[in-house]
Amino acid sequence: MLRTAAVVSGDCPELQALLASAFFGEIDGFELAAVVVTGPDSAAAARCGQQNIPVFPVDYGIFPNDEVYTRALTAKLQDLDAEAVLLVALEHEPLQALYRAYSGRCVCLRRSERAGQLEAEAVLADADGSEARRLGRVSVPAAEAGALRTLSSRSGELLVEAVKRFMAELHG
């Protein structure tokens, strides 16, 4: 089992798909050992509590700059003995130090808006945080009614598929 920690911001509805998949053992060799929340009052924490997954705060808002935040986040992940990390739609992405510490073992789900489209992209991050390999992408028209909810649902599915691909490649 690959001991994995997810790092999330805000409510992180994408996490629900991953929690369900982990609960039902749908991802071979995958263990969601902990979730780190980067902000106060995260609904993600409540979701994890329902499945007895430990939640740890590393609140971005209490750190004086991105460097100190990244060091604290990396230290927490190392304290948790995380062998791999999922960065799920973070509001504040960490600096390169975290990506170097988890090089080849960091799956990122990133959201963006371009040309009237809301997009989510899953990538395996390189040591500098850039895309080493794309694991999938979904998009919806930004003007569509309920676009953010639709994107969250699709990106939750994308996250699960990306983790499955990562695990298959890791053990393949």
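Quick caveat: nothing in here was measured; it's all calculated off a predicted structure.
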Requested in this report: Output, in order, the C-alpha distance, side-chain angles, deciding distance and verdict of salt bridge (charged side-chain N to carboxylate O under 4.0 Å, His left out) for R105 and E83.
Outcome: CA-CA 7 Å; R105 299 174 288 132; E83 298 171 300; over 6 Å; no

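- Counting heavy atoms of neighbouring residues, nucleotides and ligands inside a 6.0 Å radius, atom CZ of R149 does not exceed 12 of them.
- Checking L90, V88, L151, L118 one by one against R111, the side chain to side chain contact (heavy atoms under 4.5 Å, CB included) holds for a single residue, L151.
- Note on residues 149-168: no pairs pass ring pair (Phe, Tyr, Trp, His ring centres under 6.0 Å), not counting sequence neighbours.
- Across E144 and T150, no two heavy atoms sit closer than the pair OE2-OG1, 3.8 Å.
- Both V163 and V138 are assigned to one and the same hydrophobic cluster, defined by single-linkage of ILVMFWY side chains at heavy-atom distances under 4.5 Å.
- Y102 pairs by the ring pair (Phe, Tyr, Trp, His ring centres under 6.0 Å) definition with nothing, not counting sequence neighbours.
- With a 4.5 Å cut-off on side-chain heavy atoms, L98 and L87 count as touching.
- Between Y60 and Y69, the ring-plane angle classifies as perpendicular under the 30° and 60° cut-offs.
- Counting only heavy atoms from C-beta outward, the side chains of E93 and Y99 approach each other to under 4.5 Å.
- The shortest heavy-atom contact between L158 and R137 is CD1-N, 3.8 Å.
- In the model, E26 has a side-chain atom that pairs as donor or acceptor with a side-chain atom of S21 under 3.5 Å.
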